[in-house]
Amino acid sequence: MSSNGVIRCKAAVARAAGEPMMIEEVELSPPQPMEIRIKVVCTSLCRSDLTAWLSQAQPQIYPRIFGHEASGIVESVGQGVTEFEEGDHVLTLFTGECMKCRQCASGKSNICQVLGLERQGVMHSDKQTRFSIKGKPVYHYCAVSSFSEYTVVHSGCAVKITSTAPLEKICLLSCGVAAGLGAAWRVANISEGSTVVVFGVGTVGLSVAQGARLRGASRIIGVDTNPEKSERGFGVTDFLNPNDHDQPIQQVINRITDGGADYAFECVGDTGTITTALQSCCAGWGLTVTLGVPKEKPEITAHYGLFLSGRTLTGSLFGGWKPKSDLPSLVDMYLKKEIEIDDYITHNLKFEDINNAFELMRQGKCLRCVIHMPK
């Protein structure tokens with residue numbers, strides 16, 4: 001560390017969309033007021049990282065450090081920070097909670113107006129970066145950038161957790177697993193004995209399935225075009241591959257569920273699939289929840305008759321959880337063995353193998369790859 005508090009550390013730097021990341025030495029500034037600097041212990045690759053890295057449509061903000069689903073230990077705190085101290089174990093949050101804005105104070109929403117999803121590659125507070133190489137800025141991702149040995153986040157974008165929780169497992173609660181469980185419990189409020197269909201059975205979709213199983217759903221149908229996903233558990237009772245059927249998949253689902261599922265979840269990130277999900281849930285009370293981030297064509301097209309006949313479409317960001325308020329309870333549930341996390345981890349990789357994680361996810365050969373940072 002230099003005399004001005006700057007740390008030199010290794011980070012996986014992306015220089016252009018879709019190009020392999022290079023492990024480079026970066027300079028990381030000390031935490032500014034209301035920020036904390038974290039030594040990243042483990043970070044898992046989320047499909048959102050892959051989508052943003054591949055995207056030619058999103059703003060080309062490079063060089064950039066991706067990563068947002070992570071666990072770590074507080075290395076230092078900035079001025080005004082009272083809830084964290086050096087040595088605290090934390091999860092990073094890609095969407096924060098200031099506790100004070102209209103949305104946070106309402107108790108109805110987790111869409112913080114101050115620390116919401118950051119899309120410009122900078123910090124919330126001053127719109128600057130904390131990373132640099134030879135004096136030139138290196139941009140952030142979701143104001144987290146966990147593909148680095150150290151990172152700086154706003155104190156509202158991290159949550160303190162018990163030091164007894166294994167950091168190499170619970171990093172998944174920082175995004176994917178929590179997002180799926182919350183969509184099932186908080187957003188849809190799945191009822192016992194119901195029929196559920198999940199489009200996209202990756203980590204998020206299988207977390208929806210786990211949530212549905214724990215709520216007592218009688219039938220959980222997984223839909224995916226990847227045949228390798230047909231045997232994954234977490235409560236899935238049926239698997240449908242649209243490529244195996246002559247009929248549109250919504251017609252197949254309507255036929256086998258006597259008119260449609262009670263709940264449909266879109267976990268792909270495709271607006272066409274949102275329409276298909278709507279057409280797959282029943283009239284009268286069918287609820288479709290969309291969790292995916294569209295890679296292209298953000299507009300949704302649906303016949304008004306789907307809504308006139310009683311179907312509902314709603315969105316879910318991070319499963320509706322208020323991140324700082326609610327995540328510790330999910331960590332406790334994991335420690336009590338009330339929810340599963342470990343089986344979502346299909347690969348454990350060293351930091352220098354991070355490009356392998358991206359390739360595994362691009363090929364559909366993994367659920368979560370956990371990347372272990374150097375100790």
Side-chain angles (χ1 to χ4, degrees), residues 41-48 68-72 89-95 97 110 158-222 229 231-237 262-263 265 267 289 291-292 316-348 366-370:
V41 174
C42 285
T43 178
S44 37
L45 175 62
C46 174
R47 183 161 288 277
S48 300
H68 64 281
E69 191 175 274
S71 59
H89 288 208
V90 295
L91 293 176
T92 58
L93 304 171
F94 71 90
T95 181
E97 184 181 353
N110 66 347
V159 57
K160 182 178 177 179
I161 56 171
T162 175
S163 60
T164 61
L167 295 176
E168 72 276 11
K169 308 291 187 185
I170 58 155
C171 55
L172 273 66
L173 287 175
S174 177
C175 181
V177 173
L181 291 171
W185 294 344
R186 292 181 66 97
V187 179
N189 193 19
I190 289 173
S191 56
E192 186 175 358
S194 57
T195 299
V196 176
V197 59
V198 181
F199 290 85
V201 287
T203 299
V204 174
L206 290 173
S207 298
V208 170
Q210 180 183 177
R213 175 177 60 81
L214 292 172
R215 279 293 181 90
S218 61
R219 192 173 189 184
I220 303 169
I221 303 167
K229 296 183 178 182
E231 297 182 6
R232 290 181 177 154
F234 300 98
V236 174
T237 59
D262 300 298
Y263 305 94
F265 294 85
C267 307
V289 180
L291 294 78
S316 174
L317 178 70
F318 197 49
W321 301 115
K322 294 174 78 68
K324 288 177 73 72
S325 302
D326 295 332
L327 269 191
S329 65
L330 287 180
V331 174
D332 289 342
M333 290 183 74
Y334 169 72
L335 294 174
K336 294 175 183 176
K337 302 187 185 306
E338 294 173 356
I339 58 173
E340 297 177 46
I341 295 179
D342 298 19
D343 287 346
Y344 294 101
I345 301 170
T346 54
H347 298 77
N348 287 280
C366 69
L367 285 177
R368 277 297 189 264
C369 294
V370 173

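Atoms considered below: every heavy atom in the structure, side chains included; atoms not considered: hydrogens, waters and symmetry mates.
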Practice prompt. Look at the side chain of Ser316 and the backbone N and O of Leu291, then say whether any donor-acceptor pair between them is shorter than 3.5 Å.
Written response: no
Discussion item. Main chain of Glu69, side chain of Thr43: is a donor-acceptor contact present, judged purely on distance under 3.5 Å?
Written reply: yes
Discussion item. If I compare all heavy atoms of His68 with all of Cys46, which pair ends up nearest, and what's the gap?
Written reply: CE1-CB, 3.4 Å
Response to the item:
Taking every heavy atom of Phe318 against every heavy atom of Ser174, the minimum-distance pair comes out as CE1-O, 3.6 Å
Worksheet item: Quick one: CD1 on Ile339 to CD on Gln210, what's the gap to the nearest 0.5 Å?
Response: 6.5 Å
Worksheet entry | Test item: Val198 and Leu206 side chains (from C-beta on) under 4.5 Å apart, heavy atoms | no
Discussion item. Does the plane of the ring in Tyr344 sit parallel, tilted or perpendicular to the ring in Phe234? Use 30° and 60° as the thresholds.
Written reply: parallel
Worksheet item: Considering only heavy atoms from C-beta outward, does the side chain of Phe199 approach that of Val208 to under 4.5 Å?
Response: no
Worksheet item: Between Glu97 and Lys324, is there a donor-acceptor pair closer than 3.5 Å when you use the side chain of the first and the backbone of the second?
Response: yes
Worksheet item: Just how far is it from atom CG of Asp332 to atom CD1 of Ile161, taken to the nearest 0.5 Å?
Response: 10.0 Å
Item to complete: Could you give me the CA-CA distance, side-chain angles and deciding distance for Leu93 and Trp321, then say whether side-chain contact (heavy atoms from CB on, under 4.5 Å) is met?
Response: CA-CA 11 Å; Leu93 304 171; Trp321 301 115; over 6 Å; no
Worksheet item: Is there a donor-acceptor pair under 3.5 Å between the side chain of Arg368 and the backbone N or O of Ser44?
Response: no
Discussion item. If you apply the rule side-chain contact (heavy atoms from CB on, under 4.5 Å), what do you find for Asn348 with Glu168, and how did you get there?
Written reply: CA-CA 9 Å; Asn348 287 280; Glu168 72 276 11; 5.5 Å; no
Discussion item. Using the rule given for side-chain contact (heavy atoms from CB on, under 4.5 Å), can you reason through Ser191 versus Tyr263, listing the C-alpha separation, both sets of side-chain angles and the distance that settles it, and then say yes or no?
Written reply: CA-CA 10 Å; Ser191 56; Tyr263 305 94; 3.3 Å; yes
Discussion item. With a 3.5 Å distance limit and no angle check, can you tell me whether Thr237 reaches the backbone of Ile220 through a side-chain donor-acceptor pair?
Written reply: yes
Practice prompt. Compute whether any side-chain donor of one residue and acceptor of the other, for Asp342 and Tyr334, lie under 3.5 angstrom apart.
Written response: yes
Worksheet item: Side chain of Trp185, backbone of Gly211: donor and acceptor closer than 3.5 Å?
Response: yes
Worksheet entry | Heavy-atom closest contact (Phe265 atom, Ala188 atom, distance) | CZ-CB, 3.6 Å
Discussion item. Here's a test for you: under side-chain contact (heavy atoms from CB on, under 4.5 Å), which of Leu173, Leu335, Ile170 qualifies with Leu330?
Written reply: Leu173
Response to the item:
Looking only at heavy atoms, the pair that brings Ala217 and Ile190 closest together is CB-CG2, 4.4 Å
Worksheet item: Distance from Thr203 atom OG1 to Arg47 atom CZ, nearest 0.5 Å?
Response: 9.0 Å
Practice prompt. With the side chain counted from C-beta on, respond yes when Val159 and Pro323 share a heavy-atom pair under 4.5 Å apart, and no when they do not.
Written response: no
Fill in: Pairwise distance CE(Met333) to CD1(Ile341) - rounded to 0.5 angstrom
10.0 Å
Practice prompt. Measure across Ala212 and Ala184 and return the closest heavy-atom pair with its distance rounded to 0.1 Å.
Written response: N-CB, 4.0 Å
Item to complete: Please confirm whether the backbone N or O of Leu91 pairs with a side-chain atom of Ser71, one donor and one acceptor, at under 3.5 Å?
Response: no
Discussion item. I need the Glu338 CD to Leu214 CG distance, nearest 0.5 Å.
Written reply: 9.0 Å
Worksheet item: Going from CG on Leu181 to CZ on Arg215, what distance comes out if it is rounded to the nearest 0.5 angstrom?
Response: 10.5 Å
Worksheet item: Does Thr346 use its side chain to pair, donor to acceptor, with the backbone of Leu367 at less than 3.5 Å?
Response: yes
Worksheet, complete the sentence: Scanning both residues in full, the closest heavy-atom pair of Gly320 with Val187 reads N-CG2, 4.1 Å
